[in-house]
Amino acid sequence: MAKLIDGKQIACEIREELRIKIEKWKAQGNRAPQLTAILIGEDPASATYVSNKMKAAADVGIDSKTERYNTDITEQELLDRINQLNNDDAVDGILIQLPVPGHIDERKICNSVSCDKDVDGFNERNIGRLCLDMNTLIPCTPLGVQELIKRAGIETFGKNAVVVGRSKNVGMPIAMLLHADGRNDTCAMDATVTICHRFTPPEELARFCRMADIIVTATGVPGLITANMVKEGAAVIDVGITRVIDPSTGKTKLVGDVDFDEVRKLAGHITPVPGGVGPMTVAMLMKNTIIAAKNLAKKRNTP
């Protein structure tokens, strides 16, 4: 049986560490870090995500605020508000809850957030710095995956890793963190990485996965990774999350990309869904907000 990587427990440990950091930061005469979230529309899932993030902020000692807007907000109105937050010294982190309404250009919005306050790590300049293995604010889910792998004691140096999924916010940054040089700013993991995606033929996907010491899957396709695709002892990190109907109860439940019950019989490590990567994403958002606050304070105090 695979060793279960308890993301919920690890996230709790990280939040305790962050709580102590903030207490020390404030004891030095600094104010608490401040995170402002922008939520557009009434999507229940988005509202829940933001609520969970704000609860986590309160838990670690970050001041937070949620600004809610109707879906008829114009792109220019949103850009103007983001610009105001960029120029507000009382704000350290800006979070735009995605997705945004169809009439708003998501890429333009992400790029409008100041790189210094971009705690989601979605600004193209921060992504570029990540790809160049430079110090930057790293997207929260990939950062959470990296932290899970490291804290679980999974060896990555020179190992074969497969990332299934190539989204610009999750799959691609995870691949960068897995393959880059651990001696540089991103403290990456020195693995040999193969990236697969929806156009990888199923037989080829299975072949690549069977060679992998580490599989990270982030597709949102339930049951994509089956036991016959996983070699014995491999680490399996499931980023996927999909709400499905449980045929035995008729109720909805959350599942990942991995056939968990079968894969755990031969994997070395495995993350559950829920309770794996999800809590880590929120914890890393808190970590990024603290990093942003410290960097901005340093800038303000530098002549």
Side-chain angles (χ1 to χ4, degrees), residues 1-15 37 39 41-56 59 95 97-99 120 139-145 147-149 151-152 154 162-167 169-171 174 196-198 202 205-206 209 212 214-230 234-286:
M1 275 291 200
K3 182 178 180 181
L4 195 69
I5 304 174
D6 189 342
K8 194 172 181 181
Q9 177 59 38
I10 295 173
C12 284
E13 293 168 6
I14 292 170
R15 279 160 63 162
L39 176 61
E42 303 295 333
D43 179 64
S46 291
T48 299
Y49 292 146
V50 170
S51 175
N52 289 340
K53 291 167 185 175
M54 298 303 103
K55 287 175 184 174
D59 178 54
L95 161 70
Q97 183 60 43
L98 302 178
D120 264 332
C140 301
T141 297
L143 190 59
V145 168
E147 196 71 21
L148 273 184
I149 290 172
R151 294 201 182 215
I154 296 166
V162 167
V163 177
V164 188
R166 57 177 176 180
S167 73
N169 296 341
V170 180
I174 287 172
C196 299
H197 50 78
R198 62 185 174 139
L205 174 62
C209 286
I214 301 159
I215 298 172
V216 182
T217 178
T219 66
V221 179
L224 177 67
I225 306 300
T226 54
N228 65 345
M229 299 166 67
V230 179
V236 181
I237 311 296
D238 194 348
V239 187
I241 186 161
T242 307
R243 192 174 293 277
V244 300
I245 301 294
D246 186 338
S248 61
T249 65
K251 297 179 180 178
T252 62
K253 65 175 184 177
L254 295 175
V255 298
D257 293 354
V258 177
D259 181 357
F260 181 83
D261 291 336
E262 294 302 314
V263 170
R264 73 177 304 189
K265 294 175 183 176
L266 65 141
H269 293 79
I270 194 168
T271 59
V273 176
V277 175
M280 293 296 294
T281 298
V282 178
M284 294 301 102
L285 176 65
M286 301 305 113

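As the structure is a prediction and not an experimental result, all values here were calculated from the model.
Evaluation of the salt bridge (Lys or Arg N to Asp or Glu O under 4.0 Å) rule for Arg151 yields Glu17, Glu147 as partners, not counting sequence neighbours. In this structure, Lys3 has no salt bridge (Lys or Arg N to Asp or Glu O under 4.0 Å) partners at least two apart in sequence or on a different chain.
Taken to the nearest 0.5 Å, the CD1 atom of Ile237 stands 5.0 Å off from the CD1 atom of Ile149. Note that CG of Leu148 and NE2 of His269 are 11.0 Å apart. Values are rounded to the nearest 0.5 Å. One distance of note links CD of Glu262 with CZ of Arg264; it measures 11.0 Å at 0.5 Å rounding. Between atom NE2 of residue His197 and atom CG of residue Leu205 there is a gap of 10.5 Å, rounded to the nearest 0.5 Å.
Side-chain atoms of Asn169 and Thr141, non-hydrogen and from C-beta on, never get closer than 4.5 Å to each other. Looking only at side-chain heavy atoms (C-beta outward), Val244 and Thr252 stay at 4.5 Å or farther from each other.
The two residues Met229 and Ile215 make their nearest non-hydrogen contact at O-CD1, 4.1 Å. Closest of all the heavy-atom pairs between Ala283 and Ile14 is CB-CG2, 4.2 Å. Closest approach of Val162 and Cys196 over heavy atoms only: CG1-SG, 4.1 Å. Minimum heavy-atom separation, Gly171 to Val163: O-CG1, 3.7 Å.
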Quiz item: Val230 and Ile225: side-chain contact (heavy atoms from CB on, under 4.5 Å), yes or no, with the steps?
Solution: CA-CA 8 Å; Val230 179; Ile225 306 300; 3.8 Å; yes
Self-check item: Intermediate values then yes/no, side-chain contact (heavy atoms from CB on, under 4.5 Å), Val239 and Ile174
Solution: CA-CA 10 Å; Val239 187; Ile174 287 172; 4.2 Å; yes
Quiz item: Given Asp120 and Leu98, is the side-chain contact (heavy atoms from CB on, under 4.5 Å) satisfied, shown in steps?
Solution: CA-CA 10 Å; Asp120 264 332; Leu98 302 178; 5.9 Å; no
Using residues 47-56 as the side-chain source, report each donor-acceptor pair under 3.5 Å to any protein atom, sequence neighbours left out, with the distance given to one decimal.
{"unit_1": "Thr48", "atom_1": "OG1", "unit_2": "Pro44", "atom_2": "O", "d": "2.9"}
{"unit_1": "Asn52", "atom_1": "ND2", "unit_2": "Thr48", "atom_2": "O", "d": "3.4"}
{"unit_1": "Lys53", "atom_1": "NZ", "unit_2": "Gln97", "atom_2": "OE1", "d": "2.9"}

Mind listing the side-chain donor-acceptor pairs of residues 271-279 below 3.5 Å, one per line with the distance, residues two or more places apart or on another chain?
{"unit_1": "Thr271", "atom_1": "OG1", "unit_2": "Asp238", "atom_2": "N", "d": "2.8"}

Per-pair distances, 0.1 Å, donor-acceptor, side chain in residues 5-13, under 3.5 Å, sequence neighbours excluded:
{"unit_1": "Asp6", "atom_1": "OD1", "unit_2": "Lys8", "atom_2": "N", "d": "3.1"}
{"unit_1": "Asp6", "atom_1": "OD1", "unit_2": "Gln9", "atom_2": "N", "d": "3.0"}
{"unit_1": "Gln9", "atom_1": "NE2", "unit_2": "Glu13", "atom_2": "OE2", "d": "3.4"}

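Here side chain to side chain donor-acceptor pair (under 3.5 Å) pairs that include residues 239-250, with residues two or more places apart or in two chains, are Asp246-Ser248.
One N or O on the side chain of Asp257 and one on the backbone of Gly220 form a donor-acceptor pair closer than 3.5 Å.
A donor atom on one side chain and an acceptor atom on the other are found under 3.5 Å apart for Asn228 and Thr226.
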